[in-house]
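Notes for the one structure printed next.
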Amino acid sequence: MKLTLTNARLIDPESGTDTLGTLQIEDGIIIDISEGISEGIDCEGKCLAPGIIDIGVKIGEPGERHKESFRTAGLSAAAGGVTTMVTRPDTTPAIDSPEMLDFFRRRAAEIVPVNVLPMAALTKGRNGNEMTEISFLCDAGAVAFTDGDRPVTNPKVLLRAMIYASDLGALVIAHPQEPTLSKGACATSGPLATKLGLPAVSPMAERMQLERDLALVEMSGARYHADQITTAHSLPALQRAKAAGLNVTAGISAHHLTLNQFDIEGYRTFFKLKPPLRSEDDRLAMVEAVASGLIDIICSMHTPQDEESKRLPFELAASGAVGLETLLPACLQLVHAEYLDLPTLFRSLSLNPAKLLGLDSGRLAVGAPADLILFDPDKPFVLNRADLLSKSKNTPYDLRRMQGRVLRTFVAGKQVFPAPQG
Amino acid sequence: MLTHRHLLGIEGLSKAEITEILDLSERYVRQNRQPNKHSDALAGLTQINMFFEASTRTQSSFEIAGKRLGADVMNMAMASSSISKGETLIDTAMTLNAMHPDLLVVRHPNSGAVALLAEKVNCAVLNAGDGQHEHPTQALLDALTIRRAKGRLHRLTIAICGDIAHSRVARSNMFLLGKMENRVRLVGPRTLMPAGVDQLGVEVTDDMEAGLKDADVVMMLRLQRERMDGGFIPSEREYYHRWGLDAAKLSHAKPDAIVMHPGPMNRGVEIDGVLADDINHSVIREQVEMGVAVRMAVMDLLAQGLRRQENENGVMA
């Protein structure tokens, strides 16, 4: 089946271009890209970009289906322009065996209209004691290994897992937060946390753990990705590691690029994230690091939580926010504020994640999979959390004025949003 | 006129409102010193004291205050009831709300919990201490004590000493004394100083001599050993040596300086036992007395607000 999308602003992060033209799809693959306008679906000058590859999506299955199911996560992803969800293993129970992973993949393939690439736990039960069957899990389709937001405390365990993983070429993803300092903390230390009387942690706890991890990477030669780097204190270490040629990348959530620590004022638990929101100086430093490419990847860190787990005193409330549907409009705020241009944004949202995972997608190129999104970058709207397709509505952007809406999402050339009738 | 529905913290109060509360408190100080301590400002109203954290002093102070104003007072020891059965704070609040209380006095171990509860009930909520956030009636009773001893509540130098990090009393006092235009110094080991507190309009030092120099008021805080894990101080004797208040350290303050403590005291840890009882300096027992009066005043004002609201609703209906 052939499909022609014409009169579109083609945003290609690989070539760094933003040009008006036509794109042709056949059998799920991009077969032609040209500058002219031709017959086909008129995109009316809206943006056509490679679909978002979101590393670190939490689906509530197994264990917390009341928070998010494969079905609702899939709908949410398609509506948000996420064509590939790279899912977290911090489910209940954790995805730490090939049997679990196989079950997870089959369920996902049945139900979810976008690509699902599962990550597996790095240690059994995410307990930080014993590495999982990394080789079997790779064979079963695990694209990366992570214990989610639980750092592996014992450096011996992490070192051995890294050495073992590196021999298999497997990617290790860590959450660099020094666990003793961050234990019990629910805010970034400073005058605001002091005023609110909340247990808080210095952003230095992130840098400390990152430095430890990077030393272990140097020893093991592992491929390493830090899931969220959120403070300027971490950047010199990251820069040094990259300059030294270590196989290291870093990500950040769109929340940390668009919100700061003052958003928690009034004990607003929908802004309780892990790591906690940082200072405005840190936020701006992170935006610059994304623009310069020092931080490689932007993700949603989609973490569905139901009302019960958020309607609690701040210290006791669950962390995390949903983000699949707000990832693009949140990031477009940075484009409208002229920190980033669109090709640079999609380098972080699509191209770099694809490269990290060895995927052929993430770019507009002949021969690449036709995982595409058509979006209007300017369309204004007020976000109403009740409108989210995600089962949980814990977004920090409720009632916020945003700009940018996904018009259509294609996965392998097939339109998945809006869902085809019948 | 106090227009707030609740008293959740000092932070939301204006200078005029603080003064109004203190002025009314003076009347209750006089009433409390008479043989007949009873009046009927809260007659017909129901006051529930919900203490999710054990307390003797504050809870009995609120109980006496309510009873002297004629309210029906009920105490609920929350630490041992529904919480341990897994009920959420909001469900507990809804349950109580259905019993139509008029005043809820709440203490909770988590910062912000009292404000969260206040969102879910129809009555007036008084914060009797939430986590390490605020303890507004303590700051008000301290202010009343200072005003009576010094004749004013502005342009004074006040040293708040000791375990600042774990203290909601320190926070509420900082906010109140700052609002009333006093010079506030925080004195204590840096391990017990919360991050960034120097950016909240106070001076910070770890040196008792410098901190107490020419102070009008020396406010000691209890070393909250129960909240400490991981060694904030090496030992109580070293703490007492460096930060415990004794006559020698107090000599750097003004000769007529007053010494305060929110209680309960650790004698020989943060304060010398003899000094605590020295009637030339210590106003610690007055603080307890002022506590009842201030709580009566606050509850009276909140009840007036409830009645005003009722009348307005009545007119509308």
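Only this structure's heavy atoms are used, side chains among them; waters, hydrogens and symmetry mates stay out. A note on names: the letters A, B, ... follow the listed sequences, proteins ahead of strands, and every chain is numbered from 1.
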Inset, instruction - Apply side chain to side chain contact (heavy atoms under 4.5 Å, CB included) to A:L198 and B:S111, showing your working. - result: CA-CA 6 Å; A:L198 291 174; B:S111 304; 4.0 Å; yes

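- At most 12 non-hydrogen atoms from other residues, nucleotides or ligands lie less than 6.0 angstrom from CZ of A:R71.
- At least one side-chain heavy atom of B:L200 sits under 4.5 Å from a side-chain heavy atom of A:P191.
- With respect to chain B, the highest number of heavy-atom pairs below 4.5 Å among A:G190, A:G266, A:S189 belongs to A:G190.
- In A:R65, the CZ atom is not crowded: 12 or fewer heavy atoms of neighbouring residues, nucleotides or ligands sit closer than 6.0 Å.
- Residues that satisfy the ring pair (Phe, Tyr, Trp, His ring centres under 6.0 Å) test with A:F314, not counting sequence neighbours, are absent from this structure.
- Distance check, rounded to the nearest 0.5 Å: CZ of A:R311 to CG of B:D91 gives 12.0 Å.
- Side-chain atoms of B:E134 and A:K195, non-hydrogen and from C-beta on, never get closer than 4.5 Å to each other.
- One finds the CG atom of A:L312 at 7.0 Å from the CD1 atom of B:I90 (value rounded to the nearest 0.5 Å).
- A 6.0 Å sphere centred on CD of B:E17 holds more than 12 heavy atoms belonging to other residues, nucleotides or ligands.
- Side-chain contact between B:R171 and A:T194: present, with at least one pair of heavy atoms (C-beta onward) separated by less than 4.5 Å.
- The contact between A:L316 and chain B is made entirely by side chain atoms (from C-beta outward), counting heavy-atom distances below 4.5 Å.
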